[in-house]
Amino acid sequence: MKVFHSTRSTEQTVTSKQAIRQGIAPDGGLFVTDQLASIQVAPACLAGQTYRQTAARILGLLLDDYTADELDRSIRAAYGEQWSTPAITPLTQVGDDYVLELFNGPTSAFKDVALQILPRLMSQALPQGDDDQRIMILTATSGDTGKAALSGFADTPGTGITVFYPEGKVSQVQRLQMVTQAGSNVRVCAVRGNFDDAQSAVKTIFADRELASTLANGAGTALSSANSINVGRLVPQVVYYFHAYGSLLDQGAIKAGDPVEFFVPTGNFGDILAGYYAKMMGLPVERLTVASDRNKVLSDFLTSGVYDRNRPFYTTTSPSMDILISSNLERMLYYMSDGDTKLIASLMEDLATTGRYQVPSGLLRRIQSLFACGWADEDEVSAAIHDCWQDHNYLMDPHTACGYHVMNRGHRRDGIPRILLSTANPYKFPRVVGQSLGLATQGSDFACMDVLSDATHTQAPSNLRNLETAKVRFTDCIDIAEMPAYVRRAAMEMNS
Ligand SMILES: *Cc1c(COP(=O)(O)O)cnc(C)c1O
């Protein structure tokens, strides 16, 4: 059985269920397993597989204290009719390269891949036979994660979810996506403040022992988070790297064992870390390229070995990559340093106290032998959206466009297919995409969708277009100070 421990110490070990239930290790580190490299998936067996079959194979190897039946039920529920294509993550040829679309789920963004299955995995990690025990997920969101988490947890047995978003600081579409969410176990609430205020308040609530015992005794509820450091979010993302390889085999573009490379728009290092896991498990990955937006803390790190969050923060057209602390990078550093928990603990201590750390030069060279990087400013993003449409009739969103820009700056290595991960449907960002194509983008986000649709003869996904007339369920708006009381009330109501 796979055992997991913290990136910062090996003292305590847990199973995958416990790791998913706990989210973060008690010492603040992230759960990792040292048995990754002992799993080797033969490339030839990836051909002719459906997404679900590949998911069953990969999840079965990594989450091996779940029964095959538990995983099978989770996979069926997570990757079913709520996706707009049975391929789940289709691979499309664009020019001489490939785009792996991760946005065909119910909220039209890549977070669905993980957040459709995490709730099922979490629900099965609850103590068996105790129907009064439930988990309430608590999330502060700047936009995308909130909706994907709501959609995943809605009506999942044994769970509830409360999402806080900063009033007036998310887009019209993002707000409507959240406040129209169906489900008896969901709550959505605006807070007066910015995202950081809301996020800090959520952290304070998690650390509040008195509230925790009130919730445990009064409502049988334990609080948990669904953020991207959870093993249950990371592992499902490993699947699409293997599935993309299988698609290339099926299309006859490669033979089993041939190398491929991936370009990944990333901020928190979650999406690309999953590719590194796939490589450790035997996928022939030649190179992984990080694509950043103007908040290029990751690109700077991969270039210089210095991670420094003491820098201006930019609000860009790719909001989901506007991040200065890349939590999941810690896992890559763990593996690349051959599991040097002392080093990781001291680097993370440096980050906490000074906002900065530097890795030894040998480690940097090792990282650079696999990871490349690049970044795009907003003008380059806009030009990339424009050029890709003009050259290939393929419409992409601003996050994906960062990757497209970086990919086209580099040279293609002879015969090695390049795969760009596409993380959002372009209609999630209709104004920016429309402007990039030179269209008139006045009025609401919905007017922009229609303009974009008319000009490109493409269609907005109905889950986005229909938001204009969807029924609003949640109108609460509170002060930051009222958040703990709101959480207590939500927990009581949900378990009554
Ligand atoms: C979350 C997100 C990303 C970045 O994901 P990481 O976990 O930071 O790798 C990129 N694009 C979109 C649209 C996202 O929602």
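Worth saying up front: this structure is predicted, and the values here are computed from it rather than measured. For ligands, and for the atoms within them, numbers begin at 1 and follow the listed sequence. Count residues from 1 along the sequence.
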Under 4.0 Å to a heavy atom of D271 - the qualifying atoms of ligand 1, by number: 6 (P), 7 (O), 9 (O)
Residue pair S318 / T316, side-chain donor-acceptor N/O under 3.5 Å: yes
From the candidates R233, Q237, K428, K111, the one that places a heavy atom nearest atom 3 (C) of ligand 1: K111
Residue portion contacting ligand 1 (non-hydrogen atoms closer than 4.0 Å) for T423: both
A424 N/O to ligand 1 N/O under 3.5 Å: no
Distance filter under 4.0 Å to S320 heavy atoms, resulting ligand 1 atoms: 2 (C), 12 (C), 14 (C), 15 (O)
Expected output: side-chain Y51 to main-chain H243 donor-acceptor under 3.5 Å: no
Any N/O pair D397/ligand 1 closer than 3.5 Å: no
Contacting atoms of ligand 1, where contact means under 4.0 angstrom from a heavy atom of T266: 6 (P), 8 (O), 9 (O)
Step-by-step salt bridge (charged side-chain N to carboxylate O under 4.0 Å, His left out) determination, R418 to D96: CA-CA 8 Å; R418 304 195 300 185; D96 293 330; over 6 Å; no
F103 contact mode with ligand 1 (heavy-atom cut-off under 4.0 Å): neither
G270: numbered ligand 1 atoms lying under 4.0 Å from its heavy atoms: 6 (P), 7 (O), 9 (O)
Distance-only side-chain donor-acceptor flag, Q435 / T441, under 3.5 Å: yes
Top protein contact for atom 8 (O) of ligand 1, by heavy-atom distance: N268 N, 2.6 Å
Polar contact flag for M321 and ligand 1 (N/O pairs, less than 3.5 Å): no
Salt-bridge present (D350, R356; N to O < 4.0 Å): no
Nearest non-hydrogen protein atom, atom 5 (O) of ligand 1: F110 CE2, 3.3 Å
Working for side-chain hydrogen bond (donor to acceptor under 3.5 Å, both in side chains), residues Q124 and K17: CA-CA 8 Å; Q124 285 164 337; K17 274 187 179 172; over 6 Å; no
Salt bridge (charged side-chain N to carboxylate O under 4.0 Å, His left out) between K169 and D197, intermediate numbers included: CA-CA 12 Å; K169 305 252 166 33; D197 300 333; over 6 Å; no
Option from D144, T107, D397 for which side-chain hydrogen bond (donor to acceptor under 3.5 Å, both in side chains) with K428 holds: D144
